[in-house]
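Given the structure is predicted, the values throughout are model-derived calculations rather than measurements. Lettering of chains follows the sequences in order, A, B, ..., and the numbering in each one begins at 1.
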Number of protein chains: 2
Amino acid sequence: MTPINEHSALVVDDHPLVARGIAEYLRSHCGFDRADAICAAADLWANIGRFGAPTLALVDFWLPEGTALPALVRLRDEYPATRLMVISGDDDPAVRDKVRRLPVDGFLLKQAEPAVFAQAVAAVLHGDAWFDEAPVAVQTAGETRNLPLSPAELGLTPRQGEVLAMMLKGLPNKRIAQALSLTEQTVKEHVSGILDRLGARNRIDLITRLRGKRVDA
Amino acid sequence: MTPINEHSALVVDDHPLVARGIAEYLRSHCGFDRADAICAAADLWANIGRFGAPTLALVDFWLPEGTALPALVRLRDEYPATRLMVISGDDDPAVRDKVRRLPVDGFLLKQAEPAVFAQAVAAVLHGDAWFDEAPVAVQTAGETRNLPLSPAELGLTPRQGEVLAMMLKGLPNKRIAQALSLTEQTVKEHVSGILDRLGARNRIDLITRLRGKRVDA
DNA sequence: AGTGGAACCCTACCGTGGTAGGGTGGTGGT
DNA sequence: ACCACCACCCTACCACGGTAGGGTTCCACT
């Protein structure tokens with residue numbers, strides 16, 4: 001088994017190279033004698049069985065199987081001495097919230113600077129908690145992080161594209177009409193055309209089908 | 001400047017540790033003499049100015065500023081000898097599509113196995129194209145990759161939660177009613193309660209506001 | 001015993017969404 | 001000159017969504 005003062009770490013992330021990169025960093029810059037990279041929760045238990053409980057476990061919130069929540073509570077439960085940190089790539093407030101209620105010692109965004117990373121790891125090893133603050137006014141995720149579709153690639157006319165874009169913002173026909181200086185009726189016809197082309201029964205069906213997507217002008 | 005047969009690489013990714021991890025891997029496993037990690041498109045030009053154009057550039061599709069598209073076309077334009085690969089963390093078909101129309105030499109998912117990574121890099125260096133195939137039946141992104149909200153944390157009654165969940169799927173009142181064995185009218189009242197509580201004018205407003213979110217049971 | 005809320009049902013009313021079926025004018029292609 | 005397509009306008013009709021009244025049961029809390 002591991003000697004008393006040896007520091008070992010486990011990194012769990014579904015991106016093999018990311019896990020390896022972080023593990024490597026822990027070895028070279030954070031004074032760990034051993035750091036293993038793991039890609040699935042299943043391998044986690046196997047690894048612990050072989051090498052014993054690590055000093056620190058860094059676990060990605062999103063794993064291929066879903067969230068890491070069950071794995072985290074089990075880890076905490078079975079190996080209470082292991083320090084637990086959660087890392088995440090996307091800065092979703094809901095994720096922060098969930099993590100804060102979890103029995104873990106720290107939370108960190110993957111886009112953190114290596115120096116911050118080292119600082120956080122040191123703090124957690126020392127017995128302190130380390131929770132990343134939300135960066136101010138960075139509302140990337142939902143809005144910026146998806147590609148606008150062009151009307152053409154949906155088989156729509158330019159005008160239909162404009163109407164669709166406004167529909168997806170939740171605007172009613174009347175508002176669309178006045179925004180485009182049209183009759184409500186003309187808008188309705190564009191809407192009918194769009195629904196027909198995209199195979200949706202009504203605008204709600206359309207919106208839910210295209211949920212999260214955007215269309216440009 | 002760099003000697004003729006030396007291989008240098010540039011890795012651009014907004015997650016510092018990821019960039020470093022990949023760069024490290026390129027050095028240790030892919031025969032690169034030099035591999036720099038960069039986090040923003042801006043630093044890219046500075047680095048090239050200092051060390052010359054790299055043999056290979058690995059660029060994340062999503063950068064803090066938005067997509068890497070402008071940087072990619074400029075790279076290809078100004079340094080046509082540099083082999084260009086795009087990497088991405090999320091497997092969005094729209095991203096694949098955009099990349100395929102780009103003047104780049106390869107595309108790769110970050111969750112690829114290191115061995116695949118090495119293989120792809122070797123192929124591209126050799127002058128071949130390397131485009132990752134979409135994994136079959138992995139529809140993670142949109143669906144699985146967000147946390148369900150509980151009715152309670154939205155200030156809703158359990159029943160309202162059930163109705164809301166179905167509303168967000170785009171179901172009309174009538175369908176919801178028969179699914180829950182209710183009168184359409186009763187559903188309407190739940191809907192009114194939900195709209196009222198969440199401050200939405202109508203269900204479309206509601207759906208667009210909560211776009212991408214899910215609610216459980 | 002009384003109060004309040006949640007869940008359920010009812011009738012009635014009205015605004016919006018969507019379809020049908022008609023029309024005009026402009027543009028690009030053959 | 002013709003056709004096809006797009007964009008725009010019109011009237012008329014009906015289904016759906018949502019509000020506003022009214023009501024009953026059951027349960028939890030005081």
Let me know, please, whether A:Glu189 or A:Asn173 comes out on the 5' side of the other along DNA chain C by nearest nucleotide.
-> A:Asn173
Whether A:Asp60 side chain and A:Leu63 backbone form a donor-acceptor pair below 3.5 Å = no
Polar atom pairs between nucleotides 28-30 of chain D and protein, under 3.5 Å, N or O only, would you list them?
none

Of C:dT16, C:dC8, D:dC9, the nucleotide closest to the side chain of A:Pro172 is C:dT16
Rounded to the nearest angstrom, tell me the gap between atom CG in B:Leu198 and atom P in D:dG18.
-> 13 Å
Look at the side chain of B:Gln185 against the base of C:dC8 and say whether a donor-acceptor pair falls under 3.5 Å; ignore hydrogens and angles.
-> no
Ion pair B:Arg76/B:Asp105, N-O distance below 4.0 Å | yes
A:Arg203 side chain, from C-beta outward: closest of D:dG18, C:dG18, C:dT16 = C:dG18
Validation row: A:Val187, A:Met166 side chains within 4.5 angstrom (heavy atoms) = no
For C:dC10, does OP1 or OP2 lie under 4.0 Å from any side-chain N or O of B:Thr183?
-> yes
Whole Å only: how far is the CG atom of B:Leu206 from the P atom of D:dG18?
-> 9 Å
Between P of D:dG17 and CG of B:Asp205, the distance in whole Å | 16 Å
Base, sugar-phosphate, or nothing: which does A:Thr186 touch, judged by heavy atoms less than 4.0 Å apart?
-> base
Would you please confirm or rule out a distance under 4.0 Å between OP1 or OP2 of D:dC8 and any side-chain N or O of A:His190?
-> yes
Measure the distance from NZ on A:Lys174 to C1' on C:dG18 and round it to the nearest whole Å.
-> 15 Å
Should A:Ser192 be listed as having a side-chain N or O under 4.0 Å from OP1 or OP2 of C:dG18?
-> no
State whether the side chain of B:Thr55 and the backbone N or O of B:Ser8 hold a donor-acceptor pair below 3.5 Å, judged by distance alone.
-> yes
What integer distance in Å separates A:Ile176:CD1 from D:dC8:C1'?
-> 16 Å
Between NZ of B:Lys188 and P of C:dA12 the distance, given in whole Å, is 14 Å
For A:Arg201 and B:Ser181, take the nucleotide of DNA chain C holding the closest heavy atom to each; which residue's nucleotide lies nearer the 5' end?
-> B:Ser181
Could you give the CZ-to-P distance, from B:Arg175 to D:dA15, as a whole number of Å?
-> 18 Å
Has A:Arg159 got a side-chain N or O lying under 4.0 Å from the OP1 or OP2 atom of D:dC6?
-> no
Give a yes or no on whether a donor-acceptor pair under 3.5 Å exists between the nucleobase atoms of D:dC9, that is its base, and the side chain of A:Glu184.
-> no
Please name the pair of heavy atoms, one in A:Phe131 and one in A:Val104, separated by the smallest distance, quoted to 0.1 Å.
-> CZ-O, 3.9 Å
Euclidean distance, atom CG of residue B:Leu195 to atom P of C:dG15 [Å, nearest integer] | 18 Å
So do A:Arg83 and A:Leu125 actually touch side chain to side chain, heavy atoms under 4.5 Å?
-> yes
Is there a side-chain polar atom (N or O) of A:Thr157 under 4.0 Å from OP1 or OP2 of D:dA7?
-> yes
Any donor-acceptor pair under 3.5 Å from B:Thr183 side chain to B:Thr186 backbone = no
Parallel, tilted or perpendicular: which describes the rings of B:Tyr25 and B:Phe117, with under 30° parallel and over 60° perpendicular?
-> perpendicular
